[in-house]
2 protein chains.
Amino acid sequence: MSPITWQSVKDEALRRIRNRDWPPGGQIPHEADLAAELGCSRVTVNRALRELAEAGLLERRRKAGTRVPLNPVRKATFEIPIIRHDIEGRGLTPGYRLISQQMHPAPGTLAQRLHLAPDTALLQVMALHLANDAPFCLEDRWINPASVPDLAAADFTTISANEWLVQNAPFSGGEIGFSATPATASDAAHLGCAPNDALFTVTRITWAGTAPITSVRLTYAPGYQMLTLI
Amino acid sequence: MSPITWQSVKDEALRRIRNRDWPPGGQIPHEADLAAELGCSRVTVNRALRELAEAGLLERRRKAGTRVPLNPVRKATFEIPIIRHDIEGRGLTPGYRLISQQMHPAPGTLAQRLHLAPDTALLQVMALHLANDAPFCLEDRWINPASVPDLAAADFTTISANEWLVQNAPFSGGEIGFSATPATASDAAHLGCAPNDALFTVTRITWAGTAPITSVRLTYAPGYQMLTLI
DNA sequence: CAGTGGTCTAGACCACGGT
DNA sequence: CCGTGGTCTAGACCACTGT
């Protein structure tokens with residue numbers, strides 16, 4: 001009557017992997033065998049092994065069975081917070097200032113990356129996020145009005161485009177890139193740092209199906225670090 | 001006899017969220033009701049809604065039910081590749097050069113971060129990863145011999161500590177940080193860039209249970225970008 | 001072809017936590 | 001207290017893919 005949980009099966013499997021009872025490169029027993037051995041149903045074993053496979057600690061293929069990878073590619077998850085919440089989470093007081101907001105034809109490379117016709121009219125929004133009144137993050141964003149019907153109703157003087165879009169334009173997918181870039185003259189002026197300072201930069205494009213919603217470049221003041229548990 | 005899959009339930013739920021059939025802040029029907037409506041079992045609905053909750057698109061609490069969050073905090077996963085594979089994945093030819101390898105007492109702040117007694121003996125390994133013979137990434141690592149029994153058998157002249165540890169010291173958890181740092185004189189010399197150039201930097205600490213395994217600082221040559229799908 | 005993981009079902013009990 | 005999600009079971013069929 002021991003209540004075997006998928007979590008306990010997962011822990012036991014982890015133990016065997018670390019302990020090399022299941023050696024790297026080797027196959028592990030079938031779900032049915034494990035279920036019999038551990039005294040639980042196959043579904044329970046399946047749930048446990050599936051999670052380990054999603055974390056990169058096992059490789060599963062039909063017919064071929066389940067193996068311990070020689071070079072596990074670990075996966076980690078990170079959150080994409082609203083910038084204001086990121087600031088609050090660091091124990092600082094958030095602030096916000098709209099810098100500019102204007103319709104522009106999309107520059108060539110941007111139009112290409114968004115799969116739009118050249119010179120499609122987009123709304124460019126630039127804003128500065130503050131933490132304890134000090135510059136925290138510069139938001140340089142292009143929004144596709146065709147994907148965001150209510151865009152005209154948005155007032156980016158009081159709410160950041162970052163936050164408004166999270167609430168009003170759910171995305172289905174996209175890509176996000178992290179890099180280090182030297183501060184441009186504009187970056188330096190807005191963030192209050194020196195030109196060429198090393199700035200942590202996030203570039204993100206999001207889509208609703210195949211329609212582009214927005215492209216944004218977030219440039220953080222010197223010293224910013226993005227932390228995640230793995 | 002329609003084969004309703006958890007994936008199709010997930011898609012339908014996503015559609016209702018995007019469509020605001022389930023408005024932000026509102027509760028959605030119970031699992032049992034949805035199962036009846038969609039003509040599948042409750043377990044199938046559970047799997048679908050659980051995944052959406054893990055992605056940050058729903059909030060679930062016992063008794064309180066399931067809600068659409070007003071400010072969804074989207075989660076994304078990224079892979080932690082072996083550096084050599086990262087290079088190969090970019091279509092470049094990887095190279096590797098050991099710079100130094102020596103036992104040192106742990107510096108104070110490091111010992112503290114690793115929860116070790118000050119001056120605990122650690123192995124410091126510095127190495128350079130190359131892509132098409134050009135500097136790609138500088139690896140500055142401290143390894144705790146107490147957590148890695150076979151450490152003496154490792155030959156870091158032929159295999160990087162990065163890769164060897166992945167194969168020989170599975171970790172149970174840790175933390176990873178991303179930032180932009182100005183190139184130090186040492187960084188610049190090894191990476192062939194100018195001092196104070198903006199460098200993408202990854203800091204990672206890993207643990208086996210409560211025992212620290214390694215602390216590493218990866219400094220990438222200018223222009224590096226870490227890309228992830230969301 | 002046949003073995004393995006992937007998934008669905010119906011029913012059941014349990015844990016948490018609002019009321 | 002009691003409604004809701006969390007999970008387990010036994011059995012079944014299916015989809016993929018290596019041999």
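Computed over heavy atoms, backbone and side chain alike; hydrogens, waters and symmetry mates excluded. The shown structure was predicted, so the numbers you read here are calculated from the model rather than taken from an experiment. Convention: sequence-line order gives letters A, B, ...; per-chain numbering from 1.
The stretch residues 11-35 of chain B has no heavy atom under 4.0 Å from DNA chain C, so no residue of it qualifies as close.
Toward the 5′ end of DNA chain D lies the nearest nucleotide of Gly65(B), the other residue of the pair Gly65(B) and Arg50(B) mapping further downstream.
At the phosphate of dG5(D), neither OP1 nor OP2 sits under 4.0 Å from any side-chain N or O atom of Asn46(B). Applying the 4.0 Å criterion to OP1 and OP2 of dT9(D), one finds that Thr44(A) has a side-chain N or O inside that range.
Residue Phe78(B) is tested with Leu227(B), Leu229(B), Thr228(B) for a side chain to side chain contact (heavy atoms under 4.5 Å, CB included); the sole match is Thr228(B).
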With a 3.5 Å cut-off and sequence neighbours excluded, list the donor-acceptor pairs that the side chains of residues 163-177 of chain B form with protein atoms.
unit_1, atom_1, unit_2, atom_2, d
Glu163(B), OE1, Arg84(B), NE, 2.9
Glu163(B), OE2, Arg84(B), NE, 3.4
Glu163(B), OE2, Arg84(B), NH2, 2.5
Gln167(B), NE2, Asn71(A), OD1, 2.7
Asn168(B), ND2, Trp164(B), O, 2.8
Ser172(B), OG, Trp207(B), O, 3.1
Ser172(B), OG, Gly209(B), N, 2.8

query = Reading nucleotides 11-19 of chain C 5' to 3', which nucleotides get B (base under 4.0 Å from a protein heavy atom), which S (sugar-phosphate only), which -?
reply = BB--BBBB-

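In this view, Glu54(B) and Arg50(B) satisfy the side-chain contact (heavy atoms from CB on, under 4.5 Å) rule, not counting sequence neighbours. Among residues two or more places apart in sequence or in another chain, the side chain to side chain donor-acceptor pair (under 3.5 Å) test is passed with Thr77(B) by none. The salt bridge (Lys or Arg N to Asp or Glu O under 4.0 Å) test applied to Arg97(A) returns no partner, not counting sequence neighbours.
Side-chain contact check for Arg217(B) and Thr219(B): at least one donor-acceptor pair (N or O, by modelled atom type) lies under 3.5 Å. Residues Thr66(B) and Arg60(B) have side chains that bring a donor and an acceptor to within less than 3.5 angstrom of each other.
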